[in-house]
Peer 1: 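Below: one structure in structure tokens.
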There are 2 protein chains.
Amino acid sequence: MIKRLRYENGDLDAVDLRILRMLVDDARASVAEIARSVGMSAPSVSERIRRLQEGGIIEGYTIRINPAAFGLPLAAWLRIRPVPGQLGTVSEILRDIPEIATCDRVTGEDCFIARVHVGSVPDLERVIDRIIPYAMTNTSIIQSSPVTERLPMPAGAND
Amino acid sequence: MIKRLRYENGDLDAVDLRILRMLVDDARASVAEIARSVGMSAPSVSERIRRLQEGGIIEGYTIRINPAAFGLPLAAWLRIRPVPGQLGTVSEILRDIPEIATCDRVTGEDCFIARVHVGSVPDLERVIDRIIPYAMTNTSIIQSSPVTERLPMPAGAND
DNA sequence: CATGAAAACAGGTCTTA
DNA sequence: TAAGACCTGTTTTCATG
């Protein structure tokens with residue numbers, strides 16, 4: 001059985017998925033180029049992209065940054081477990097730490113998972129020292145990335 | 001003391017940082033618009049963007065996807081610890097699971113940290129079932145995101 | 001197919017090492 | 001004086017009706 005991806009305006013078909021993959025890969029690919037690749041006219045592709053935006057599937061356009069290239073070669077995941085009563089404080093501190101590139105609130109023993117980019121181990125220590133008064137932390141240095149940011153897909157989707 | 005962001009071709013100044021922030025926020029902002037915002041001519045901004053690309057700081061252009069909008073409303077972080085001797089196998093399996101949007105190899109007790117997007121709890125179970133023969137897993141459902149993907153910055157940077 | 005906007009390009013000026 | 005950064009005007013490309 002084939003799974004169908006749905007959104008408010010109807011089904012996403014294989015062409016939509018190919019368009020999305022191309023845009024994830026290179027958001028500056030021209031409409032003409034995408035059209036050629038999927039075998040459609042440029043206006044048709046243009047219209048599909050418009051619908052993907054209005055359906056909220058494409059939230060926006062952004063750049064991929066290489067933190068190492070501007071002096072932040074050390075990346076780590078921090079798991080953060082606030083001491084009772086300090087959850088709000090910790091949340092605010094995390095937002096205020098500029099080295100944190102992303103942070104999610106999660107279920108389970110840890111309350112937050114944050115990705116940090118720093119220049120050195122002492123810099124990492126300084127980041128942790130800002131959190132440690134209000135939470136227990138657990139740090140994992142990123143060594144490599146077997147899967148870099150890509151379009152998630154349900155198993156057996158209609159692509 | 002002001003920290004200076006360095007890259008191979010020299011220093012990044014405050015204007016470069018503003019350009020990067022604008023592009024992270026909206027990679028389709030026109031050069032003219034960015035130029036107006038930073039108080040420069042379009043060609044100057046264009047030249048700076050070119051240098052940021054050639055310096056490897058801007059790795060590429062991409063789109064922000066909302067997985068919930070196309071039928072994957074449930075997101076989770078998986079921590080994965082392969083049983084001895086199965087690290088390579090696990091790494092391959094993780095690459096093959098289409099629901100995994102990103103996966104890092106890390107130091108510490110866990111070997112991998114992966115973000116998955118699925119349609120339902122049963123779908124999450126199916127993902128975990130593919131991994132469990134070769135590794136111990138620990139799952140944290142994402143509830144919210146106090147910090148959404150942003151440009152990391154050293155404390156006290158020259159912006 | 002035509003129109004309008006936006007980006008790439010070329011040439012000229014000013015500052016600074 | 002030479003190099004680099006920026007600005008103005010022009011051309012060409014691309015998205016859109």
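Note: hydrogens, waters and symmetry copies are ignored here, and every other heavy atom, side chains too, is used. All values reported here derive from a predicted model rather than from experimental measurement. The chains referred to below are lettered A, B, ... by the order of the sequence lines, with proteins before strands, and numbering in each begins at 1.
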Peer 1: Rounded to whole angstroms, how far apart are CE on B:Met40 and P on C:dT13?
Peer 2: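 Atom CE in B:Met40 sits about 20 Å away from atom P in C:dT13.
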
Peer 1: Less than 4.5 Å apart, side chain to side chain, heavy atoms only: is that true for B:Ile97 and B:Ile131?
Peer 2: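 Answer yes - side chains close enough.
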
Peer 1: For A:Ala32, answer base if it contacts any base atom (sugar-phosphate contacts may also be present), sugar-phosphate if it contacts only those atoms, and nothing otherwise; contact means non-hydrogen atoms under 4.0 Å.
Peer 2: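 Result for A:Ala32 = sugar-phosphate.
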
Peer 1: Should the pair A:Arg50-A:Glu47 be classified as a salt bridge under the 4.0 Å nitrogen-to-oxygen rule?
Peer 2: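 Here A:Arg50 pairs with A:Glu47 in a salt bridge, since their nearest N and O are under 4.0 Å apart.
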
Peer 1: Counting just side-chain N and O atoms, does B:Arg48 come under 4.0 Å of either OP1 or OP2 of D:dC6?
Peer 2: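 Checking D:dC6 against B:Arg48, a side-chain N or O does come within under 4.0 Å of OP1 or OP2.
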
Peer 1: Both A:Arg28 and A:Pro43 contact DNA chain C. Taking the nearest nucleotide for each, which residue is further toward the 5' end?
Peer 2: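 The residue closer to the strand's 5' end, by nearest nucleotide, is A:Pro43.
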
Peer 1: Less than 4.0 angstrom between a side-chain N/O of A:Ser46 and OP1 or OP2 of D:dT16, yes or no?
Peer 2: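 Indeed, a polar side-chain atom of A:Ser46 lies that close.
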
Peer 1: Less than 4.0 angstrom from a charged side-chain N to a carboxylate O is my criterion; do B:Asp129 and B:Arg126 meet it?
Peer 2: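 Between B:Arg126 and B:Asp129 there is no salt bridge, as every charged N stays at least 4.0 Å from the carboxylate O atoms.
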
Peer 1: Rounded to whole angstrom units, what separation is found between the CD1 atom of B:Ile34 and the P atom of C:dA8?
Peer 2: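 Spelled out: CD1 on B:Ile34 to P on C:dA8 is 11 Å.
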
Peer 1: Starting at atom CZ of B:Arg51, determine the distance to atom P of C:dA8, rounded to an integer number of angstrom.
Peer 2: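 So the two atoms are 15 Å apart, to the nearest Å.
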
Peer 1: Once you round it to whole Å, what is the distance between P of D:dA5 and CG of B:Leu12?
Peer 2: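 The answer, rounded to whole Å, is 13 Å.
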
Peer 1: With a non-hydrogen cut-off below 4.0 angstrom, is A:Ser30 in contact with a base, only sugar-phosphate, or nothing?
Peer 2: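 The residue A:Ser30 makes sugar-phosphate contact but no base contact.
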
Peer 1: Could you state the atom-to-atom distance from CZ of B:Arg36 to C1' of C:dA5 in whole Å?
Peer 2: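 The answer, rounded to whole Å, is 13 Å.
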
Peer 1: Within this structure, what is the CD-to-C1' distance between B:Glu47 and D:dG4, rounded to whole angstrom?
Peer 2: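 Between C1' of D:dG4 and CD of B:Glu47: 10 Å.
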
Peer 1: Using whole Å, report how far CD1 of A:Ile49 lies from C1' of D:dC14.
Peer 2: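 It works out to 13 Å between those atoms.
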
Peer 1: Of the listed nucleotides (D:dA15, D:dC6, C:dA7), which one gets closest to any side-chain atom of B:Ser44?
Peer 2: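 Out of D:dA15, D:dC6, C:dA7, the nucleotide with an atom closest to B:Ser44's side chain is D:dC6.
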
Peer 1: So does B:Arg115 pair up with A:Glu149, basic N to acidic O under 4.0 Å?
Peer 2: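 A:Glu149 and B:Arg115: salt-bridged.
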
Peer 1: Quick one: A:Arg50 CZ to D:dG17 P, roughly how many Å, whole number?
Peer 2: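 That distance rounds to 10 Å.
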
Peer 1: Check whether the side chains of A:Tyr134 and A:Glu92 place a donor and an acceptor atom closer than 3.5 Å, and report yes or no.
Peer 2: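 No donor-acceptor contact under 3.5 Å links the two side chains.
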
